[in-house]
Amino acid sequence: MSSFLQSIEAKRDGDALADEDILAFVQGVIADDASARIPDYQAAAFLMAVYFRGLNDRERRTLTLAMRDSGETLVFPPDPERPVVDKHSTGGIGDKVSLPLAPLLACLGFRVPMISGRGLGITGGTLDKLESIPGFTTRLDRDRILRQVDRLGVAMAGQTDQMVPADRRLYALRDVTGTVPSPDLITASILSKKLAEGLDALVLDVKFGSGAFMKERDQARELAIHLCNLANACGVRTRALLTDMDTPLGRAAGNWLEIRETVECLSGAGPDDLRELVLSGAAHLLVLTHRESSMDSAVSTAARCLDSGAPLARWNDLLAAQGADLAQYATLLCRDPLAPAIGEVHAPTAGYVARCDARILGEVIRDLGGGRTTQDSVILPWVGIDRIRKLGERVEANEPLCRVHAMDRAGLDATLNRVVEAFRVVKDPPSPPPRIIEVIGN
Ligand code: URA
């Protein structure tokens with residue numbers, strides 16, 4: 001086995017690493033003992049080398065499984081009536097699909113032990129969104145996840161020092177070292193968490209476009225194939241949806257604003273594209289677990305369940321189970337806006353929305369305090385952008401295109417011009433692309 005410095009140099013020079021060197025890297029990432037622990041500067045250098053040089057299939061698999069095994073894993077009692085399933089996204093702007101989907105899946109009879117991440121780069125993170133709910137904790141240990149999933153059908157937690165600790169540390173480092181958009185690191189990060197959950201089936205949302213880590217469809221396709229191949233080889237029936245992320249998902253982006261939109265979706269309302277992805281995620285899992293034989297009937301089953309109100313009630317049970325202060329939460333839901341400085345961006349002319357750039361809006365939200373630029377950044381839950389007009393919608397001159405939520409007037413003034421740049425209004429109605437472009441896998 002080589003020293004870790006030699007592993008960095010080997011990867012920098014494009015060599016393949018031996019399995020034992022990858023295992024040593026993961027052990028060094030999670031070591032408690034300072035003398036055995038790989039310091040951040042070396043771990044970051046290694047991540048950057050992987051970013052540029054990539055991993056082959058064997059290295060990627062070894063890294064993924066070593067990260068999965070860096071902590072405890074979940075083992076559920078077999079129950080063919082209640083398959084264990086999950087969904088994960090590669091990340092986007094306004095992508096809150098996991099939030100309404102998890103309680104919907106629980107109401108469809110699945111067990112959902114969802115281990116998620118924080119915001120990465122300009123993309124929002126499920127944990128940061130959930131933590132904008134007063135009192136809600138995402139720090140659950142293995143026994144609590146197992147008990148809660150048995151009782152409620154769903155738990156939503158983060159990586160801890162006990163569960164996928166290697167991803168916990170690497171995820172935070174990648175976020176602030178420009179090493180997120182590596183298909184190999186994304187595969188290892190996502191699947192280490194998902195394979196630790198003891199799943200029967202998994203649906204992945206692999207995004208591409210300006211607000212995604214994969215800018216081009218072909219890159220996203222390759223990532224989806226890596227993810228599906230490895231997950232299926234590890235015994236988890238997996239499909240990936242390739243979805244468009246040139247424009248934000250839904251009409252709201254920002255941690256608390258997305259909780260609000262989640263509640264709308266769970267109430268049978270909310271934006272169509274969000275509802276479409278939620279129903280589609282549920283339907284693919286119904287088909288993958290052979291509980292429905294066609295996507296059409298699966299989508300109808302999921303829609304009936306969503307519209308029954310049961311998933312909204314289950315969401316409230318989930319919040320209560322994970323410590324949310326329900327009285328304060330209810331008060332916050334009735335107050336809008338919560339951020340102290342609010343501004344609108346207006347259409348320069350009458351016409352149709354032809355562009356709403358997810359990257360620009362994501363950068364603005366991060367800079368307003370909705371995301372991190374260093375590991376110590378404090379997330380400001382109320383900031384974000386909502387009432388976003390969607391592609392193809394008709395707007396009149398001076399009508400609002402969106403509303404920006406900031407913590408002070410200076411922050412707001414610094415961003416409004418950037419938000420204007422995200423939009424284009426044209427004379428003739430454009431034809432917006434479909435949200436789901438392709439389905440890969442099983
Ligand atoms: N989601 C993850 O969990 N990890 C990544 O690297 C990207 C998205």
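Indexing begins at 1, ligand by ligand and atom by atom, following the structure's order.
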Item to complete: Tell me yes or no: between the side chains of Asp205 and His88, is some donor less than 3.5 Å from an acceptor?
Response: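 No, no side-chain donor-acceptor pair sits under 3.5 Å.
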
Show me the donor-acceptor pairs, under 3.5 Å and distance only, between side chains in residues 49-56 and residues at least two apart or in other chains.
from: Arg53; atom 1: NE; to: Arg12; atom 2: O; distance (Å): 2.8
from: Arg53; atom 1: NH2; to: Arg12; atom 2: O; distance (Å): 3.3
from: Asn56; atom 1: OD1; to: Arg58; atom 2: N; distance (Å): 3.1
from: Asn56; atom 1: OD1; to: Glu59; atom 2: N; distance (Å): 2.7

With hydrogens left out, which residues have an atom under 4.0 Å from ligand 1, given that only heavy atoms count?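 Heavy-atom contacts below 4.0 Å: His88, Ser89, Thr90, Leu120, Tyr171, Arg174, Ile186, Ser189, Ile190, Lys193.
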
Using 4.0 Å as the upper bound for N to carboxylate O, is an ion pair formed by Lys129 and Glu258?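 Result for this pair is yes, salt bridge flagged.
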
Output yes when Lys194 and Glu197 qualify as a salt bridge under the 4.0 Å nitrogen-oxygen rule, no when they do not.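 Counted as a salt bridge, because a side-chain N and a carboxylate O are separated by less than 4.0 Å.
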
field: Qualifying side chain to side chain donor-acceptor pair (under 3.5 Å) pairs with a residue from residues 113-122, counting only residues at least two apart or across chains
entry: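 Sorted result for residues 113-122: Arg118-Asp128, Arg118-Glu131.
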
Which residues share a ring pair (Phe, Tyr, Trp, His ring centres under 6.0 Å) with Phe25, sequence neighbours left out: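 With sequence neighbours excluded, Phe25 shows a ring pair (Phe, Tyr, Trp, His ring centres under 6.0 Å) to Phe4, Phe46, given in chain and number order.
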
